[in-house]
Amino acid sequence: MKASKLVSPFRLSSLLRGQRTQFSPCNSSKTLPGFKPSIPKPLSLFSLLHMTSSFTKLGAPECSTNWEQILHQLKQETRSLHPKSSSAMSSHSTAALVSPTVHSNWVEDYGTPDACTYNILIKAACGSEDLDNACKVFDEMRSKGVHPTDVTLGTLIHKLCSSLRVKEAFELKDQWERVHGVLPNAFVYASLMKGLCGIGEMTLAFGLKEEMVRKSIQLDSAVYSTLISALLKAGRKGEVSGLLKEMSEYGCKPNTVTYNAMIHGYCKEKDFEAAYRVLDEMVEKGCKPDAISYNVIIDALCKAGKWSEANLLFQDLPRRGRNPDVLSYRMLFSGLCDWGQFKEAAFILDEMIFMGYAPHYARTHKLVEGLCQEGNTELLGTVLSSLGKGNVLHGDTWKMVISTVCKEKLLNVSELVDTLIVQ
DNA sequence: TTAGGGTTAG
């Protein structure tokens, strides 16, 4: 069944890519990340795919009407997309597109897929455990005469390396150069280097850097960030300055990721002075620290028992031009709980929930447990109220509270009911 | 104009 009007390869790729934004809580600061909206409005392609794929074979004649509807919806929804926003659902939503593509070729009915289109689908297929789906998309790509690019190679290599299948990644790299004439670029090399470091082959990773130089492949900041991070994780911080020097000789400037790798390295050694110096250097060099830069320090301070200092840095974020994100809250909250700072933790929890961020169940449960054991009924009420406001008061937590309260006679029944009513 | 890598927790 043909669609009434075909779209360009560019538009088709954009439509596919745009699907990743459907579940971003961009319209409501009160939507808790990690909590899936039960019925997205308007009905998205993702939800339609789920409805159809759950009870019928995709591409089968009986669901052709649904596919038409889906594709129509796809066209209608593009205007409201936010291409740069991200969401935990991103890979899942595009992944839902892959299977029907392989089996029904419906993409073709809607436009002419180009390399970019297939690369997006291959990337989505890489979200699953094995590479079977990705291979199917690749086979289809080849059968349609679409030539793979260095992006296709980079996507597959990345998947293999992140699964620690480094040997296969190297085989693919060599094979593609021979068979498809696709040359590996810095994206490919960075993945390979990270993969090698992940299996303890740092010497080989550095050897790849030399290979890039030999083959006149442009080195970039990501390649150096990978190696710097690996050196610091291996406790070889003495070699970092040499790499930074070499980096500058090749005309690569350290970026936020490079600096973050260094901050992480210093924090691991509890050298917070050095970590703060990196922050200052970033500002001096016009490279704005991001959430990761601060979260790494906050987390390390908490783990080192310096929860008060972590809290100070956290409170200082707005002045530094960066609001705390969900991880900043979670890390500080965990740290405060770990060190028994229940009052501060309860305050951060309430603010976190007010901001629309979901705490981890295990953490909040443990806090409530601690307060029950302490018999701190006042703070217990505050925490339960916060959890209730965010609709994140888990049934098990509530059961534990009731059981403890009844056993210890900490509160009278009417107080409990009052708290419950607030929910 | 669209696609891929490198830096935080659990």
Side-chain angles (χ1 to χ4, degrees), chain A residues 7-20 34 78 81 83-84 94 111 113-124 126 134 137 141 146 148-162 169 182 184-195 197-198 205 208-209 219-230 232-233 247 252 254-268 275 278 282 287 289-303 324-335 338 359-363:
Chain A
V7 297
S8 68
F10 166 74
R11 189 147 171 73
L12 188 58
S13 300
S14 301
L15 287 164
L16 289 172
R17 195 180 75 90
Q19 273 307 302
R20 65 182 56 183
T78 49
L81 299 178
K84 290 296 177 191
T94 317
D114 62 0
C116 183
T117 315
Y118 281 112
N119 287 338
I120 294 169
L121 294 169
I122 287 171
K123 166 73 176 168
C126 282
V137 181
M141 179 181 188
V146 179
T149 67
D150 49 1
V151 176
T152 326
L153 178 64
T155 307
L156 294 171
I157 295 265
H158 174 250
K159 172 64 181 176
L160 286 169
C161 288
S162 59
V182 175
N185 58 14
F187 280 72
V188 172
Y189 276 98
S191 288
L192 287 169
M193 287 174 182
K194 190 181 174 185
C197 293
L208 280 184
K209 179 167 68 67
L219 288 150
D220 68 9
S221 304
V223 165
Y224 281 102
S225 299
T226 311
L227 294 174
I228 287 171
S229 173
L232 289 166
K233 280 176 182 162
M247 199 175 168
C252 299
N255 60 16
T256 305
V257 177
T258 322
Y259 286 119
N260 286 350
M262 291 162 64
I263 289 174
H264 186 231
Y266 287 128
C267 283
K268 261 192 71 183
V278 176
M282 289 174 83
C287 181
D290 66 3
I292 295 178
S293 320
Y294 294 114
N295 289 348
V296 168
I297 302 179
I298 288 171
D299 190 45
L301 285 170
C302 284
K303 288 198 165 79
D325 68 1
V326 63
L327 280 190
S328 322
Y329 276 102
R330 284 180 180 175
M331 287 165 169
L332 182 60
F333 175 62
S334 291
D338 284 343
H360 274 134
Y361 156 70
R363 279 299 179 178

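Not measured: the values here are computed from a predicted model. Numbered from 1 within each chain, the chains take letters A, B, ... in sequence-line order.
- For the residue pair A:Ala291 and A:Asp325, the shortest heavy atom distance occurs at CB-OD2, 3.4 Å.
- Contact check, A:Lys303 against B:dG10: a side-chain N or O comes under 4.0 Å of OP1 or OP2.
- Among A:Asp150, A:Val188, A:Thr152, A:Val151, the single residue meeting the side chain to side chain contact (heavy atoms under 4.5 Å, CB included) criterion with A:Val182 is A:Asp150.
- Taking atom CD1 of residue A:Ile122 and atom P of nucleotide B:dG4, one finds them 12 Å apart after rounding to whole Å.
- On a pure distance criterion of 3.5 Å, a polar donor-acceptor pair joins the side chain of A:Asn185 and the base of B:dG4.
- The residues A:Asp299 and A:Arg330 are annotated as not salt-bridged, no charged nitrogen and carboxylate oxygen being separated by less than 4.0 angstrom.
- Relative to the side chain of A:Ser229, the nucleotides B:dA9, B:dT7, B:dG5 differ in distance, and B:dT7 lies closest.
- When the nucleotides B:dT7, B:dA9, B:dG5 are ranked by their closest atom to the side chain of A:Lys123, B:dG5 comes out on top.
- What separates NE2 of A:His360 from P of B:dT8 is a distance of 17 Å, to the nearest Å.
- Of the side-chain N and O atoms in A:His264, none sit less than 4.0 angstrom from OP1 or OP2 of B:dT7.
- In the set B:dT8, B:dG6, B:dG5, the nucleotide with an atom closest to the side chain of A:Asn295 is B:dT8.
- Residue A:Ser225 is in base contact, counting any heavy-atom pair closer than 4.0 Å across all strands shown.
- Of the listed nucleotides (B:dT8, B:dT2, B:dA3), B:dT2 has the atom at the smallest distance from the side chain of A:Asp114.
- Residue A:Asp220 places its side chain closer to B:dG5 than to any other of B:dA9, B:dT7, B:dG5.
- Here B:dG5 is the nucleotide among B:dG5, B:dA3, B:dA9 with the atom lying nearest to any side-chain atom of A:Phe187.
- Within 4.0 Å of A:Ser293, counting heavy atoms only, lies no atom of the nucleic acid at all.
- What separates CG of A:Asn255 from C1' of B:dT8 is a distance of 15 Å, to the nearest Å.
- Listed nucleotides B:dG4, B:dT8, B:dG5 differ in distance to A:Leu327; the shortest reach to its side chain belongs to B:dT8.
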